[in-house]
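These values consider heavy atoms only, across backbone and side chains, with no hydrogens, waters or symmetry-generated copies. Residue numbers run from 1 in the order of the sequence given.
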Amino acid sequence: MKKTALIMAGGRGERFWPKSRQNMPKQFLSLTDDDKTMIQLTVERILPLVDMEDIFIATNQDYKALVREQLPQLPEQNILCEPVGKNTAPCIGLGAVHIAKKYEDALMFVLPSDHLIKMHKIFLRSLQDACDVAEQGENLVTIGITPSSPETGYGYIRFDAEHTLGRAFKVEQFVEKPNLEKAKEYLNSGLYMWNSGMFTWKVSTILKNIQTFMPQTYDGLQRIGQAIGTEQENEVLAREFTAFKSESIDYGIMEKASNIYILTSAFGWDDVGSWLAVGRIKKTNELGNVVNGNAITVDTQNTIIQGDKKLIATVGLENMIIVDTPDALLVCEKDHAGEIKKVLENLKICNRTEYL
């Protein structure tokens, strides 16, 4: 069966401020030592399974030029620009109707644009296994990450170890981000996976589920699908998509559907959710520091420094994040990395939009 992919690339990446901005969000930045951007790495990673002409990027109009610049081989019609952000369910539905218009039915990978994966061969094997399960009936398949710690920043998926299909387990329950005590319970039970947000299904299967559980969205998607390739396409897209309820695919479909399977994998996955990820994905020196740019460190340990030409000098620091850009400087304790979004909230309140 034809393999296609939808890569979701409309996020703002606010926890990577001040590098990530409204006009240059995280997925278009290079955070690794190979100088490739996150979205470039995502596309490169799946090319052994999916032809470039069958990769679709869901983003918004503001980022269309960035997608074209960073992925020049991608057909322009494969850049799907959402008129407004409506969370992942409408986004995935839009990708599904475009693929259905092209192929009627096909296998569809859904991948975030801002994850990093170290072991590509194992990752591709997992996607191929997901295809095998998705082709057997009307199954929705998700990729679960074997948890290595009681992480409170991820959603979890409980699976039935006794009910299998190929290498996949039947999903019992999607669970929201837990507190630390619950996360420890999940880890110790061995019956929970981290929710990676990566999916595989037939286009016909996901559209049927949208029709069942999100009928109003389905009706709008059908009208959008009928308008694809016509002079009215942009007008219909703007009208219908704007009217959609903002809903995640987890809440809208996955928590309600029955034929859901999970493949458990460990392929060096990182969702790169905050500046803390830089300490995991880049090489550290003997003191645990990650230094990029012009910096001098004295008695500094376990600190992330991201700069450019300006000299950054640190003395007596530990467990800090320092990010310098031409117009903004971030200094943050690692323990408070999740609160960087509050800076943006304050900037909005103060109407200092030039820093967003």
Side-chain angles (χ1 to χ4, degrees), residues 4-32 35-47 50 52-99 108-116 197-198 221 224 228 233-242 244 246-249 271-275 277 323 325-328 340-341 344 347-348 353-356:
T4 66
L6 175 72
I7 297 173
M8 298 180 290
R12 299 290 187 183
E14 293 182 337
R15 284 177 292 180
F16 269 85
W17 186 89
K19 280 282 189 182
S20 181
R21 303 289 184 96
Q22 287 185 351
N23 63 348
M24 182 62 75
K26 176 179 63 172
Q27 59 270 28
F28 300 107
L29 297 176
S30 172
L31 298 174
T32 54
D35 292 329
K36 294 179 180 177
T37 66
M38 306 275 282
I39 194 169
Q40 288 172 334
L41 290 171
T42 303
V43 168
E44 184 180 277
R45 195 179 300 135
I46 60 169
L47 280 176
V50 183
M52 183 66 82
E53 65 181 19
D54 296 322
I55 296 173
F56 294 80
I57 307 292
T59 187
N60 63 57
Q61 189 64 41
D62 293 341
Y63 304 149
K64 183 176 181 179
L66 281 171
V67 174
R68 292 190 66 186
E69 176 187 339
Q70 296 194 4
L71 300 171
Q73 288 80 32
L74 187 80
E76 185 175 355
Q77 64 268 24
N78 288 18
I79 305 173
L80 312 181
C81 295
E82 300 171 326
V84 61
K86 289 289 182 176
N87 215 318
T88 52
C91 170
I92 290 168
L94 179 63
V97 295
H98 272 269
I99 295 169
M108 177 182 179
F109 300 123
V110 177
L111 305 170
S113 59
D114 55 358
H115 290 180
L116 290 178
M198 294 184 279
L221 288 170
I224 291 172
I228 292 173
E233 179 177 353
N234 290 335
E235 177 187 342
V236 173
L237 174 64
R239 182 180 68 245
E240 299 294 340
F241 204 91
T242 302
F244 288 157
S246 181
E247 204 158 26
S248 71
I249 195 69
D271 77 334
V272 196
S274 73
W275 280 111
V323 183
T325 67
D327 65 342
I340 291 174
K341 292 175 73 171
L344 281 79
L347 288 171
K348 292 172 185 175
T353 56
E354 69 271 23
Y355 297 107
L356 297 174

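- For the atom pair NZ (Lys64) and CG (Leu80), the distance works out to 10.0 Å, reported to the nearest 0.5 Å.
- The side-chain heavy atoms of Leu31 and Phe16, taken from C-beta on, include a pair separated by under 4.5 Å.
- Within the 3.5 Å criterion, the main-chain N or O of Ala9 finds a donor-acceptor partner in the side chain of Thr59.
- Between Glu14 and Ile340, the shortest heavy-atom distance links the atoms O-CG2, 4.0 Å.
- Note: Thr32 OG1 to Gln40 CD = 9.5 Å, rounded to the nearest 0.5 Å.
- Annotation: side chain of His115 is not in contact with side chain of Thr42 (no heavy-atom distance under 4.5 Å).
- Applying the ring pair (Phe, Tyr, Trp, His ring centres under 6.0 Å) test to residues at least two apart or on different chains, none of the pairs has a partner in residues 64-89.
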- Query: Do Met108 and Ile92 pass the side chain to side chain contact (heavy atoms under 4.5 Å, CB included) test, and can you show the C-alpha distance, the side-chain angles, and the key distance before you say yes or no?
  - Reply: CA-CA 10 Å; Met108 177 182 179; Ile92 290 168; 4.1 Å; yes

- Stepwise side chain to side chain contact (heavy atoms under 4.5 Å, CB included) check, Trp275 with Lys19: CA-CA 10 Å; Trp275 280 111; Lys19 280 282 189 182; 3.5 Å; yes

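- At distances below 3.5 Å, at least one donor-acceptor pair connects side-chain atoms of Asn60 with backbone N or O atoms of Asp62.
- Just one of Ile57, Thr37, Ile55 meets the side chain to side chain contact (heavy atoms under 4.5 Å, CB included) condition when paired with Leu71; it is Ile57.
- The closest donor-acceptor contact from the side chain of Tyr63 to the backbone of Gln22 lies under 3.5 Å.
- For the side-chain hydrogen bond (donor to acceptor under 3.5 Å, both in side chains) test, no residue two or more places apart in sequence or in another chain qualifies with Asn78.
- Pairing each heavy atom of Ile249 with each of Thr88, the nearest pair is N-OG1, 2.8 Å.
- Note that CE of Met198 and CG of Leu111 are 7.0 Å apart. Values are rounded to the nearest 0.5 Å.
- Under a 3.5 Å cut-off, the side chain of Ser274 and the backbone N or O of Arg15 do not form any donor-acceptor pair.
- Looking at heavy atoms from C-beta onward, Pro112 lies out of side-chain contact with Asp271 at the 4.5 angstrom threshold.
- The structure places CG of Leu237 at 8.5 Å from CD of Glu82, a figure rounded to the nearest 0.5 Å.
- Taking the side chain as every heavy atom from C-beta outward, Leu356 and Lys348 approach each other to under 4.5 Å.
- Counting heavy atoms from C-beta on, the side chains of Leu6 and Leu94 never come closer than 4.5 Å.
- Ile7 places none of its side-chain heavy atoms less than 4.5 Å from the side chain of Gln27.
- With contacts defined as side-chain heavy-atom distances shorter than 4.5 Å, the pair Met38/Ser113 does not qualify.
- Residues passing the salt bridge (Lys or Arg N to Asp or Glu O under 4.0 Å) test with Glu354, sequence neighbours excluded: none.
- Closest non-hydrogen pair, Ser20 versus Pro25, comes out as OG-CA, 3.2 Å.
- Taking the side chain as every heavy atom from C-beta outward, Arg21 and Asp327 approach each other to under 4.5 Å.
- Nearest heavy atoms, Pro90 versus Phe244: CB-CD1, 3.7 Å.
- The minimum heavy-atom distance linking Ala5 with Ile46 is given by the pair CB-CD1, 3.5 Å.
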